[in-house]
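Structure, as structure tokens:
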Amino acid sequence: MSFPLLTATAALPAIGAIATAAVPAARRTAAKWLALLFSLATLVLAGIALARFEPGGARYQLTESHAWIKDFGVRYELGVDGIGVALMALTALLIPFVILAGWHDADPSPSSQQGSGRGGPGETKPYRWRPTQGFFALILMVEAMVILSFEATDVFLFYILFEAMLIPMYFLIGGFGDRAHAGSDENAAAQRSYAAVKFLLYNLVGGLIMLAAVIGLYVVAGTFSLSEIAEARANGSLSMATGTERWLFLGFFFAFAVKAPLWPLHTWLPNAMGEATSPVAVLITAVVDKVGTFAMLRFCLQLFPEASKWATPVIVVLALISIVYGALLAVGQRDIKRLIAYASISHFGFIILGIFAMTSQGQSGATLYMVNHGISTAALMLVAGFLITRRGSRLIADYGGVQKVAPVLAGTFLIGGLATLSLPGLAPFVSEFLVLVGAFSAYPAAGIVATTGIVLAALYVLVLYQRTMTGPVKAEVQGMADLKVRELVVVLPLIALLLFLGVYPKPLTEIVNPAVQHTMSDVQKKDPQPEVEAAK
């Protein structure tokens with residue numbers, strides 16, 4: 001029996017979460033290093049899986065299959081295609097940077113250690129709780145669930161992971177909020193609680209609807225296994241009535257659209273990202289939300305190809321609204337983190353447009369966009385977090401002239417912003433270009449509308465940089481420190497990766513393209529042929 005590499009890659013951060021949570025309360029630094037070491041070990045295993053993956057080989061590789069709940073036909077089945085292995089590697093890559101960036105985010109404040117203990121006001125409380133250990137343990141637990149969701153080829157197993165990851169995310173948002181909050185501590189706590197509950201309710205509703213669809217799929221297909229369903233479709237032993245397939249598709253797609261997030265199911269994201277710490281905000285939009293768009297490719301298109309084509313016109317319109325709406329709201333934001341959140345809504349619109357353009361260029365671009373958006377958003381949000389921590393404010397108006405006192409911080413912030421607006425030479429440009437090519441070839445009008453998102457992205461990114469980094473130096477930022485060694489270790493590798501993939505995306509496209517061709521075959525679509533007028 002070969003080594004279960006996929007199981008090990010997901011199990012390692014889960015073990016790390018348990019070990020980190022068990023570290024004694026007074027050993028906060030040890031807990032941080034333990035979490036970081038487990039995340040780096042997970043990255044090594046993900047790198048091995050990426051190296052062992054053969055782009056020209058079988059559709060699902062490194063597979064594992066074991067009986068789980070026999071009475072209901074549920075199996076523990078894992079396997080990765082090019083899309084899954086790329087997103088698994090992205091997740092494993094980002095988590096060490098998330099941990100390093102949030103190194104001090106969960107340290108208890110002095111006020112939390114003082115108070116009315118048994119000895120009276122002002123006396124130090126017995127240090128019995130472990131906020132730091134809990135913070136990093138929750139991050140590792142989210143990593144484990146997300147990685148396993150990219151590997152799961154059993155629909156029921158995927159559903160359990162899809163829902164279970166909401167629990168640690170709820171506590172990360174509600175229990176470890178951004179300390180740079182305008183207003184009293186009570187108001188900040190209320191805002192965090194509101195954002196966490198809204199996140200949970202939106203995603204739970206989507207998940208419950210998906211559960212009904214999962215049960216319906218089992219009634220129709222008699223199995224939860226993707227491979228068995230695909231085989232049954234190929235040999236003609238499984239056929240779904242048109243109405244049944246459409247209802248099941250809508251049940252799955254609704255849950256994925258909430259997670260993605262797609263307009264009008266997006267409203268939880270700005271609250272969650274605004275109230276969470278910057279590393280947790282990265283975890284939300286660069287890692288967890290990718291499960292939604294990934295699942296559209298793996299489950300919606302593969303399980304319900306005819307219903308996917310039936311719903312395409314409506315989904316394309318919703319994606320276009322997300323692109324324009326998200327960008328317009330980003331332009332008008334006064335809060336740095338909410339601006340990045342609305343920009344992400346716009347970017348997810350591009351990803352979903354590429355998926356449902358039903359062209360190889362569009363779907364390749366959408367997959368690359370998932371990876372590149374994760375890197376670029378992580379770079380921008382983490383630098384923004386370093387900036388906010390120094391000033392203690394998320395409001396754009398509270399900054400000015402930062403580049404004169406912290407030039408390295410300003411420079412990395414600019415590169416992250418330029419990547420967000422898809423500047424040529426940086427990784428997201430290739431993704432956005434392919435999405436637009438795919439959209440234009442299938443739906444020219446949609447491609448034209450989508451290009452407005454590019455113009456608006458340039459507007460909100462450059463205005464943000466101008467208002468925060470240029471102009472006269474405000475008194476409040478006069479003594480602002482530049483990036484420290486730990487912060488440079490977080491940011492510089494992400495910038496290097498943006499530059500490398502912007503100039504040479506071939507390593508990623510070679511992994512992704514065969515999986516895209518399989519998806520195109522599932523929906524029985526071929527790329528539109530260009531119309532060339534015969535020479536006279």
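One is the number of the first residue; the rest follow in order along the sequence. What you see below is based on every heavy atom in this structure, not just the backbone, and it leaves out hydrogens, waters and symmetry mates. Predicted, not measured: the structure shown is a model, and the values here were computed from it.
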Mind checking the [atom1]-[atom2] spacing from [X] to [Y]? Nearest 0.5 Å is all I need.
{"X": "D289", "Y": "L262", "atom1": "CG", "atom2": "CG", "answer": "12.0 Å"}
{"X": "S278", "Y": "D105", "atom1": "OG", "atom2": "CG", "answer": "7.5 Å"}
{"X": "R338", "Y": "L269", "atom1": "CZ", "atom2": "CG", "answer": "9.5 Å"}

Go through it in stages, so that I can follow the logic: the residues are T420 and S376, the test is side chain to side chain donor-acceptor pair (under 3.5 Å), and I'd like the CA-CA distance, side-chain angles, deciding distance and then a yes or no. CA-CA 6 Å; T420 297; S376 62; 4.7 Å; no
Can you list the residues that meet the ring pair (Phe, Tyr, Trp, His ring centres under 6.0 Å) rule with [X], with sequence neighbours excluded?
{"X": "F199", "answer": "W268"}
{"X": "W33", "answer": "W103"}
{"X": "F136", "answer": "none"}
{"X": "F156", "answer": "F224"}

Which atom pair, heavy atoms only, marks the closest approach of [X] to [Y]?
{"X": "L409", "Y": "D482", "result": "N-OD1, 2.9 Å"}
{"X": "A86", "Y": "V371", "result": "CB-CG2, 4.3 Å"}
{"X": "G326", "Y": "I345", "result": "CA-CG2, 4.3 Å"}
{"X": "L498", "Y": "A379", "result": "CD1-CB, 4.4 Å"}
{"X": "R394", "Y": "E275", "result": "NH2-OE2, 3.7 Å"}
{"X": "G16", "Y": "L140", "result": "C-CD1, 3.5 Å"}

Should we count [atom1] of [X] as having more than 12 external heavy atoms under 6.0 Å?
{"X": "R467", "atom1": "CZ", "value": "no"}
{"X": "R486", "atom1": "CZ", "value": "yes"}
{"X": "F171", "atom1": "CZ", "value": "no"}

Look only at the side chain of [X] and the backbone of [Y], and say whether a donor-acceptor pair between them is shorter than 3.5 Å.
{"X": "R298", "Y": "G84", "value": "no"}
{"X": "Q333", "Y": "L329", "value": "yes"}
{"X": "S322", "Y": "W263", "value": "yes"}

I'd like to check the side-chain contact (heavy atoms from CB on, under 4.5 Å) partners of [X]; sequence neighbours left out, ordered by chain and number.
{"X": "L211", "value": "Y159, I215"}
{"X": "I15", "value": "F38"}
{"X": "L265", "value": "F254, A257, V258"}
{"X": "A378", "value": "L94, V282, L494"}

How are the rings of F294 and F299 set to each other: parallel, tilted or perpendicular (split at 30° and 60°)?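 Geometry flag for F299 against F294: perpendicular rings.
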For residues T377 and T285, is any side-chain donor paired with an opposing acceptor at under 3.5 Å?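 Their side chains do not contain a donor-acceptor pair, so the 3.5 Å distance test is not met.
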In chain order, what residues pass the side chain to side chain donor-acceptor pair (under 3.5 Å) check against [X], with sequence neighbours excluded?
{"X": "N372", "value": "S431"}
{"X": "T267", "value": "Y202"}
{"X": "E64", "value": "T7"}
{"X": "S39", "value": "none"}

Worked check of side chain to side chain donor-acceptor pair (under 3.5 Å) between Y465 and Q403: CA-CA 10 Å; Y465 183 83; Q403 68 179 10; 2.9 Å; yes
Indicate, with yes or no, if the rings of F162 and F256 have centres closer together than 6.0 Å.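 Yes, they do, as the ring centres are separated by less than 6.0 Å.
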Pair S65-E77, side chain to side chain donor-acceptor pair (under 3.5 Å): steps then yes or no: CA-CA 4 Å; S65 181; E77 283 192 349; 3.3 Å; yes
Does a salt bridge link [X] with [Y], judged by any charged N lying under 4.0 Å from a carboxylate O?
{"X": "R390", "Y": "E487", "value": "yes"}
{"X": "D154", "Y": "R75", "value": "no"}
{"X": "E476", "Y": "K474", "value": "no"}

Go through F350 and H373 one step at a time and tell me if the ring pair (Phe, Tyr, Trp, His ring centres under 6.0 Å) criterion holds. CA-CA 11 Å; F350 276 106; H373 171 264; over 10 Å; no
Residue that, paired with L426, satisfies side chain to side chain contact (heavy atoms under 4.5 Å, CB included) out of L499, I375, I495, L421: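 Filter result, single survivor: L499.
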Going through the checks in order, is the side chain to side chain donor-acceptor pair (under 3.5 Å) test met by Y369 and E432? CA-CA 7 Å; Y369 216 132; E432 201 162 278; 2.6 Å; yes
